[in-house]
2 protein chains.
Amino acid sequence: MTGSLTVTETDEERDATQLILQDIQSGVYAPGTWLKQIDLEIRYGRGRNEIRRALDRLALKRVVEHVPNRGYHVYLSDGKQWDDIAEIRIMLETGIAGKVIARATSMDVSVLRELADRFQGLLHSGTVLELYEANLAFHRAYVDLAGNAELHSVIAELRQRTSSAPVSQWHTRSRIEVSAAEHHQMVNAIEQKDEPWLKTLIEQHIRQK
Amino acid sequence: MTGSLTVTETDEERDATQLILQDIQSGVYAPGTWLKQIDLEIRYGRGRNEIRRALDRLALKRVVEHVPNRGYHVYLSDGKQWDDIAEIRIMLETGIAGKVIARATSMDVSVLRELADRFQGLLHSGTVLELYEANLAFHRAYVDLAGNAELHSVIAELRQRTSSAPVSQWHTRSRIEVSAAEHHQMVNAIEQKDEPWLKTLIEQHIRQK
DNA sequence: GTTGACAAAATTGGTACCAATCCTATTTAC
DNA sequence: GTAAATAGGATTGGTACCAATTTTGTCAAC
């Protein structure tokens, strides 16, 4: 089943790693699928070398799994892994709550609110990937308020590990609606500098999704 | 300056990534040093391909930095980065304190104590690398008690980011002695199930080093 | 003596080829 | 009819080669 559909011109210069990752996150490659080098080579119009490097990186990120002389296949995440990562994210995102509240200016709050609005706006019109990225942007903006440059990349990595199948995460529309509402509540909590409330919200938000 | 010294036979089968990482951590390659592919090829007796993959991985881990058409050089860590990573580690390692105390059996405690002893024992006779690894083993055992498989790798990654020059971390012997003492105090805190004390100890321990 | 241009050497990074390995389909024996 | 064996095809992964780029060394001009 050698796919022959080539991607759009705008992706021409982007890194193959991100393109493959995006396709995995969009559900193009289902968990367990074997990623044949030739197929990827054709699909993304890259050399064998770049494809191999991309696969190696994704294997390091635990997005795909490498079996010697067999190839790479999309990782099948078990329930335990999801729980473990959720727990870590809760520790980190609640851990910075105090710092975020202390540092957030009124302008920061309106930026956050805007991002929360954008997520909510995509609820009806947006694709799964757009929703995923809007959600990512909101959390990223929140984390950035802590002023910890390293934390940013740590959480990004964590998210990538579970996001193998974001489609399966948000099954129902009602769940996404809850998420959107929680985003706004988080913004309010930051605005009112209510740290305990913010922490509770974050824990709920990460666990349920 | 093409080095020609080959490593021992036992390292023959190990991954080049870890060998290079170890040499960086041991201080063989000082921060800022350019890692030429040919040199590494000879030193570790590997093909060009494996060396490139290893460098790419280390670049991803932020241990080295990649400059297109120039090569890879050992990363120069600034003070801010160290503080940021220390903060993350504190959030995570104190965050699991309650779980560790709840789950730790008396056998787990004695294992920890043994590791703390080993670190202390190496204080006089051990090399910097041995000390580094003994310290790593202790913290790894502590983290494992939380039963979070993902956390293990997250913290390992974090440690690697700053450990570019572990030699410079432990300047004086007195500091290492303090670390050894704190390890034992942590074990005691776990044994007595004193969570606040354990958290305080961890924060002190990570910050000072 | 210093600065700038130019040539030579060295290094990186991509492409192509080929061996080793694994999967699949057909054939053969029972 | 079923199961094992074998041949064929496909895929991975390593090695070697070569082009593009950069750095170093040399020479000339000011």
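We name chains A, B, ... by the order of the sequence lines, and we start the count at 1 in each one.
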Give me the distances for all protein-to-nucleotides 16-18 of chain D N/O pairs that come in under 3.5 Å?
none

Next on the checklist: Output the rounded distance in Å from CG (A:D39) to P (D:dA10).
Outcome noted: 13 Å
Checklist entry - Whole Å only: how far is the CG atom of B:L40 from the C1' atom of C:dT12? => result 13 Å
Next on the checklist: According to ring pair (Phe, Tyr, Trp, His ring centres under 6.0 Å), does anything in residues 45-67 of chain B pair up with another residue at least two apart or in another chain? List the pairs.
Outcome noted: B:H66-B:Y72
Next on the checklist: I need the CZ-P distance between A:R53 and C:dT15, as an integer number of Å.
Outcome noted: 10 Å
Next on the checklist: What verdict does the side chain to side chain contact (heavy atoms under 4.5 Å, CB included) test give for B:I155 and B:R140, after you've listed the backbone C-alpha separation in whole Å, the side-chain angles of each residue and the deciding distance to 0.1 Å?
Outcome noted: CA-CA 9 Å; B:I155 291 184; B:R140 184 171 294 176; over 6 Å; no
Checklist entry - Quick one: side-chain hydrogen bond (donor to acceptor under 3.5 Å, both in side chains) pairs with a partner in residues 103-112 of chain A, sequence neighbours left out? => result A:T105-A:D108
Checklist entry - Given atom CD1 of B:I51 and atom C1' of C:dG13, what is their separation to the nearest angstrom? => result 15 Å
Item to check | Ring geometry between A:H139 and A:H183 (parallel below 30°, tilted from 30 to 60°, perpendicular above 60°) | outcome: perpendicular
Checklist entry - With a 4.5 Å limit on heavy-atom distance, are the side chains of B:L145 and B:L112 in contact? => result yes
Checklist entry - Between B:D56 and A:R57, what is the shortest heavy-atom contact and its length? => result OD1-NH2, 2.7 Å
Item to check | Rounded distance in Å - NZ (B:K36) to P (D:dT22) | outcome: 17 Å
Checklist entry - Rounded to the Å, how far apart are B:W34 CH2 and D:dT22 P? => result 12 Å
Checklist entry - Would you call A:D39-A:R43 a salt bridge at under 4.0 Å N-O? => result no
Checklist entry - Hey, does B:L55 reach any base, or is it just sugar-phosphate, or nothing, if we go heavy atoms under 4.0 Å? => result nothing
Item to check | Nearest-angstrom distance from the residue atom CD of A:Q37 to C1' of C:dT15 | outcome: 15 Å
Item to check | salt bridge (Lys or Arg N to Asp or Glu O under 4.0 Å) partners of B:E150, counting only residues at least two apart | outcome: A:R62, A:R161
Item to check | Residue list, salt bridge (Lys or Arg N to Asp or Glu O under 4.0 Å) with B:R118, at least two apart or on another chain | outcome: none
Checklist outcome for this item: Separation of C:dG14 atom C1' from A:E50 atom CD, nearest Å, is 10 Å
Checklist entry - In residues 66-73 of chain A, which ones come under 4.0 Å of DNA chain C, going by heavy atoms? => result A:N69, A:R70
